[in-house]
Each structure stands twice: as structure tokens, then as C-alpha cells.
Number of protein chains: 2
Amino acid sequence: MAIGRPSSSSSQTPDPGAARRTSRARGIPEATVARLPLYLRALTALSERSVPTVSSEELAAAAGVNSAKLRKDFSYLGSYGTRGVGYDVEYLVYQISRELGLTQDWPVVIVGIGNLGHALANYGGFASRGFRVAALLDADPNVVGTAAAGLPVRHMDELEAIVAAQHVSIGVITTPPGAAQQVCDRLVEAGVTSILNFAPTVLTVPDGVDVRKVDLSIELQILAFHEQRKAGDEPAAGDSVLDRAPGPVRAAAAKLRRAAGGGKAAEQAKSAPTGKGPEDDLSAVMPA
Amino acid sequence: MAIGRPSSSSSQTPDPGAARRTSRARGIPEATVARLPLYLRALTALSERSVPTVSSEELAAAAGVNSAKLRKDFSYLGSYGTRGVGYDVEYLVYQISRELGLTQDWPVVIVGIGNLGHALANYGGFASRGFRVAALLDADPNVVGTAAAGLPVRHMDELEAIVAAQHVSIGVITTPPGAAQQVCDRLVEAGVTSILNFAPTVLTVPDGVDVRKVDLSIELQILAFHEQRKAGDEPAAGDSVLDRAPGPVRAAAAKLRRAAGGGKAAEQAKSAPTGKGPEDDLSAVMPA
DNA sequence: CCATCTTTGTGCACACGTTCACAAACGCAT
DNA sequence: ATGCGTTTGTGAACGTGTGCACAAAGATGG
């Protein structure tokens with residue numbers, strides 16, 4: 001089985017209109033942009049094995065997509081294939097890299113050096129694609145001064161200077177959720193215009209700033225949903241015949257629920273997981 | 001500015017048909033499922049502040065979506081609101097939790113205890129939503145026996161026994177990409193039917209197994225794309241007037257490229273990033 | 001009981017994304 | 001040159017997702 005939508009955990013502000021205006025300016029659909037990195041990865045693997053050309057069918061298989069989709073995606077970039085032959089691997093690697101902006105150097109700051117920050121600092125995938133960790137930052141004095149991935153952790157107060165000096169335009173937030181918005185504001189103020197947010201919080205940013213979100217727990221919840229379906233479970237026994245009934249019956253039920261302060265169903269929900277506050281999600285991970 | 005599609009980094013097999021068959025079985029669109037965790041997070045926050053009811057407008061703002069979309073999403077679950085009033089927070093928390101399958105306990109194994117594995121093991125967001133780390137596993141003898149997040153790291157060989165004993169149906173892969181498929185096969189063999197993959201690899205799984213993918217570097221690449229656009233850069237100078245030209249001109253250009261083994265463009269691409277192999281992405285992160 | 005105000009639930013139109021299917025383009029052998 | 005097999009590039013059909021805008025439903029006050 002394969003779960004649906006090729007997409008799901010990122011881009012916190014779902015405004016396709018805005019996206020369209022931005023990226024379709026020269027015509028590349030957002031969905032295509034999201035797949036380009038996949039193709040690029042598959043292509044680089046082929047390139048290392050010195051494969052000279054590849055057909056849309058083969059490449060699609062390697063990238064885990066359908067070949068028609070791949071061809072259409074490439075058609076937005078231009079006509080880079082040769083009919084009867086396929087695509088020149090090296091050439092395509094270059095074209096996609098260029099389109100994604102990976103032929104230039106992108107300095108990146110990572111804010112919040114807990115376990116996740118560490119993992120990202122060490123993440124080879126960054127360095128190998130034009131991204132360079134300009135600095136690791138944290139607010140916790142106990143963390144500042146330690147080293148991660150060969151780089152010293154510096155104090156948040158240096159942020160503005162670092163961003164200015166190295167022309168950093170991309171920031172990664174791996175702080176606890178409570179600190180995220182504050183850090184975000186400061187990044188934006190300092191001049192960062194693209195933010196990758198790992199904290200489970202909705203960030204508010206001014207126009208002109210892009211935010212993408214990666215939420216570790218959302219993915220797991222989506223899996224749980226499908227897993228539940230597989231088990232054949234109707235979502236649960238529940239008290240819910242009323243809920244699907246139309247008309248006055250439902251109204252009465254709603255009234256009852258409110259009167260009872262949520263009813264027994266709600267209490268059941270409250271006691272179900274650990275009693276811990278769910279918005280503290282990352283606090284265990286990030287010291288600062 | 002807000003980047004488009006609310007979605008983008010997960011679900012490695014983009015087969016909406018299959019997804020539809022699975023989740024629309026009782027009518028909930030995949031896009032809606034992906035947003036339910038967002039609503040749930042916002043609602044739990046309200047619940048902690050003891051807010052009794054919330055309007056679609058308020059909740060939508062808190063979750064970072066449009067209110068019409070939110071109402072439509074909820075309408076797939078049933079009619080849980082009260083006109084003129086809004087939604088009962090506690091009741092909605094329960095309904096969404098139930099729909100997502102979070103009212104039951106989901107034991108999870110994490111395979112590959114490097115930095116990322118550590119981060120996930122410590123991730124409060126798991127435990128607080130019905131997920132329980134059943135075991136941490138690694139193949140590296142140096143890692144086995146150490147502790148992470150209060151749990152001992154056990155050897156891969158115990159996998160089958162653990163999965164069977166604790167009825168684990170969800171596995172998380174945080175190994176280097178080279179080991180991912182092998183680990184995946186073993187998880188599936190042991191009985192795991194949902195996999196969350198952090199390794200930058202396309203996993204092949206039999207029917208009936210769900211895979212979702214979280215790719216840290218893809219998100220960054222998408223940001224770079226938009227950042228490049230903001231800079232007003234046409235993707236690069238390039239050699240590319242030919243590429244958009246139709247007809248025989250293009251054909252000739254393609255021929256030339258192939259003859260030259262990729263041409264100067266390709267070499268430029270090859271030397272652009274660090275010379276490191278891109279599929280080793282996670283090797284620095286994960287010891288095993 | 002009626003009038004008024006608020007907010008939900010949803011029909012509808014449109015935009016976006018995916019897939020099919022096929023003609024045009026190319027390499028290659030004869 | 002010509003014909004054959006292969007593979008691209010894309011027009012068109014379809015399905016999904018989004019957002020508007022409004023009627024229906026309930027709350028509230030007189």
C-alpha cells in the first residue's frame with residue numbers, strides 16, 4: 001500500500017495563491033519544485049556510478065514517482081531530453097541544481113542546539129548541496145562554548161552580527177516551541193528571509209519571509225490514522241450515533257455536551273495520553 | 001509571503017488513488033487528515049487554558065489555516081459545532097484524537113540511534129499523543145547498551161522478539177541511507193506495517209505497508225529555490241538560450257552535450273558542492 | 001414568541017495536480 | 001535515404017483541493 005499525497009509535513013501557511021504568484025512567476029508549479037530534490041538525489045547517485053543517460057522510466061523508478069509526472073515536471077524546466085535516448089545525467093544534474101539555486105553557496109544558521117540541532121549540524125546532506133552552516137546558536141550559557149560537528153556553539157546575541165557578516169538568508173529553528181516565535185522574530189529582524197521551523201508552533205512572519213515547517217509528530221499521527229484503518233477499526237466505539245444524525249437531535253446533543261462541560265467523552269480524552277502538556281513537545285530535546 | 005502547498009515532504013509514494021481507497025473508505029480526504037494534527041495541537045493548547053468553546057475563525061487562526069477550509073475539514077468528521085457558538089473544545093479534542101487513532105496506545109520502535117534517533121527518543125511530542133517508545137535499536141555494538149532518553153539501546157537482533165511481544169506496528173528509521181532498505185525489510189518481515197523514514201532513500205515495501213518520509217534536506221532545497229527567486233535571480237547565467245529553442249536547434253545542442261560527455265555545464269555542477277557523495281547524507285549522523 | 005445577531009455547514013466554481021495516451025522526434029540499422 | 005523501434009514532450013480528461021458566499025441553525029434579548 002502506498003499512502004497518498006506526496007506531500008504533507010511542511011509549508012506552514014497553505015496559501016497556494018501566494019505560492020503560485022511566487023514560483024509560477026516563471027512557471028514552475030510548487031508540486032514540481034518539491035519533487036526536484038528527489039530527482040536530483042536519484043540523478044547524483046547515477047552520476048556517481050558514471051551512468052551517462054537515463055530514461056524517464058528508469059529515473060522515475062529510482063525517485064519513486066510515476067514517469068509521466070516526471071516528464072511533465074522536467075518539461076517545466078525546458079526540453080532537456082533526447083527522444084529515443086533519454087536524459088543526459090550530468091546535464092540534468094546541473095540544470096536542476098541551477099533551478100533550485102544549489103549552484104550557489106547558502107550560509108545557514110541553526111538556532112537551538114539540542115539533540116535535533118546536533119543532528120542537523122552533522123547532517124551531511126546540507127553541506128553536500130550548497131548549504132553551509134554559518135553558525136550554531138543557543139541561548140543557554142551551558143551550551144554556548146561547547147562544540148557540535150566541529151563548530152563552536154555561539155550565543156544568540158551574536159546572531160545579528162553573524163547574519164550581517166556572512167549574508168545569511170536562511171535560518172533553522174530547533175528550539176523548544178516556547179522560544180520559536182521569539183527566535184523567529186529576531187532572525188527576521190536580522191535579515192533572514194527563509195526559515196525552516198522544527199518547533200511545533202505556527203510562526204507568524206511578515207510578507208516576504210518564507211517559512212517551511214517540519215513536524216516530527218504530525219507524520220506519526222498520520223501513520224496512526226492509516227494504521228487504525230488497516231486494523232479495520234471504526235475509529236472507536238464512541239457515543240456517536242447522535243453526531244451523524246441531522247436536525248434537532250444533534251442540536252440537543254450539542255447542548256448537552258456543552259452543559260456537561262465536554263461530557264464524559266472529553267474526560268476520557270484528557271486522561272488518555274500522559275498528563276503532560278502537549279505544547280512542551282520539544283522541551284526535552286532542546287536545552288535552551 | 002507564504003510558501004504554497006501545505007504539504008510537501010512526506011509520503012514517499014505519491015499515489016493518491018491508493019490513498020483515496022484507503023482513507024476515503026469512510027470519506028476523509030488525505031489533505032484533511034494531514035491537517036487534523038494541526039487542529040489537535042491548537043485545540044489542546046486551548047484546552048489547557050480552559051477555553052470552553054472556539055469559533056472556526058479563531059481556531060483557524062491558531063492553526064494557521066483558512067476558516068472555510070477548517071469548517072469543511074470538520075464537516076468530514078461530522079457535525080460537531082453549534083451554530084452561533086462555535087466548537088466545544090474538549091469534545092473536538094476527543095473526536096479528532098479518536099479519528100486519528102490517538103486514543104489508543106501505539107508502541108513504536110526507533111532503529112538507528114545516532115543524533116537524530118536520540119532527538120526522536122527524547123521528543124516529548126511522541127509520548128504526549130499516544131505514542132510510546134517500545135524500544136531503541138541499533139546495529140553498532142558501541143551504541144548498544146548505552147542509554148537514550150532513559151531507555152537502553154538494544155541490538156537489532158532483538159527486533160523480531162520486541163515487535164512480536166509488544167505488538168509494534170509502527171517503526172521509525174533513522175539509520176544511514178545505506179542501511180535503510182535492509183532495516184525496512186526486516187521491520188516489515190517482523191510485522192511492522194507503518195514506517196516513518198528519515199533516511200534519504202526511496203524505500204520499497206510490499207502492499208499493505210505504509211511509508212512516510214521526512215527529508216530534512218529537501219525542505220532546505222525548496223527554501224533555497226524560493227530564496228533564489230526573491231533575489232530576483234534568473235536561476236543563473238547558464239548556457240541556455242538553446243534549451244528553450246524549439247526544433248532542430250535544440251536537437252543539435254542535445255547531441256553536442258552528449259558527445260562532450262555532459263559538457264562544461266556538467267563539470268561545473270560536479271565541482272560546485274563538496275566532492276562528497278550525496279547519498280552518504282546521514283552517515284555522519286548515525287553511527288550504525 | 002419574535003427579531004436580530006452570530007456562526008456553522010455546504011453547494012458551487014475554480015485552480016491545481018495527476019494520469020493517460022499519442023504524435024513528433026530521434027538513433028540506428030539496412 | 002528509408003523504415004523501425006524507442007522515448008520524449010504535451011494536449012486533454014479527470015480527480016482533488018481550495019475558497020467564496022450564503023442559507024440554515026442556533027443563541028440571545030426584549
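- Side chain of B/Glu30, nearest nucleotide from C/dT10, C/dT19, D/dG17: D/dG17.
- If you check every strand for non-hydrogen atoms under 4.0 Å, A/Phe74 touches nothing.
- A/Leu92 places its CG atom 15 Å from the C1' atom of D/dT7, with the value rounded to the nearest Å.
- Atom-to-atom, OH of A/Tyr80 to P of C/dC26 comes out at 16 Å; the value is rounded to the nearest Å.
- Atom-to-atom, OH of B/Tyr76 to C1' of C/dG9 comes out at 12 Å; the value is rounded to the nearest Å.
- Distance from the side chain of B/Thr82 is smallest to D/dG26 among D/dT18, D/dC20, D/dG26.
- Following rounding to the nearest Å, B/Glu57 (CD) and C/dG9 (C1') show an atom-to-atom distance of 14 Å.
- Candidate nucleotides C/dT10, D/dT18, C/dG17 were compared by shortest atom distance to the side chain of A/Pro29, and C/dG17 ranks first.
- Although no hydrogens or angles enter the test, the distance criterion places no donor-acceptor pair under 3.5 Å between the side chain of A/Lys213 and the main chain of A/Leu196.
- When the side-chain nitrogen and oxygen atoms of B/Tyr87 are compared with OP1 and OP2 of C/dG9, one or more of them lie within a distance under 4.0 Å.
- With B/Trp106 contributing its side chain and B/Gly101 its backbone, the two residues share a donor-acceptor pair below 3.5 Å.
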Tabulated below should be each protein N or O lying under 3.5 Å from an N or O of nucleotides 22-24 of chain D; please produce it.
from: D/dA24; atom 1: N3; to: B/Arg83; atom 2: NH1; distance (Å): 2.8

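- In the interface, the side chain of B/Lys72 is paired with the base of D/dG19 through a donor and an acceptor atom under 3.5 Å apart.
- When each of A/Ser56 and B/Asp73 is assigned the nucleotide of DNA chain D bearing its nearest heavy atom, the one mapping closer to the 5' terminus is A/Ser56.
- With a 4.5 Å cut-off on side-chain heavy atoms, B/Cys184 and B/Asn197 do not count as touching.
- Rounded to an integer number of Å, the gap from CG of B/Asn66 to P of D/dC20 is 6 Å.
- In this structure, of C/dC20, D/dG9, C/dT8, it is C/dC20 that holds the atom nearest to the side chain of A/Ala68.
- With B/Pro37 as reference, B/Leu100 is the one residue of B/Ile96, B/Leu102, B/Leu100 to meet the side chain to side chain contact (heavy atoms under 4.5 Å, CB included) rule.
- For the pair A/Leu77 CG and D/dT10 P, the interatomic distance rounds to 12 Å; values are reported in whole Å.
- B/Tyr87 meets the ring-ring contact (aromatic ring centres under 6.0 Å, His included) test with B/Phe74; sequence neighbours excluded.
- Every residue meeting the side-chain contact (heavy atoms from CB on, under 4.5 Å) condition with A/Ala62, not counting sequence neighbours, appears here in chain and number order: A/Ala42.
- A/Val93 is listed as a side-chain neighbour of A/Leu40, based on a closest heavy-atom distance under 4.5 Å.
- Comparing D/dC20, D/dT18, C/dT18 by their nearest atom to the side chain of A/Lys69 picks out C/dT18.
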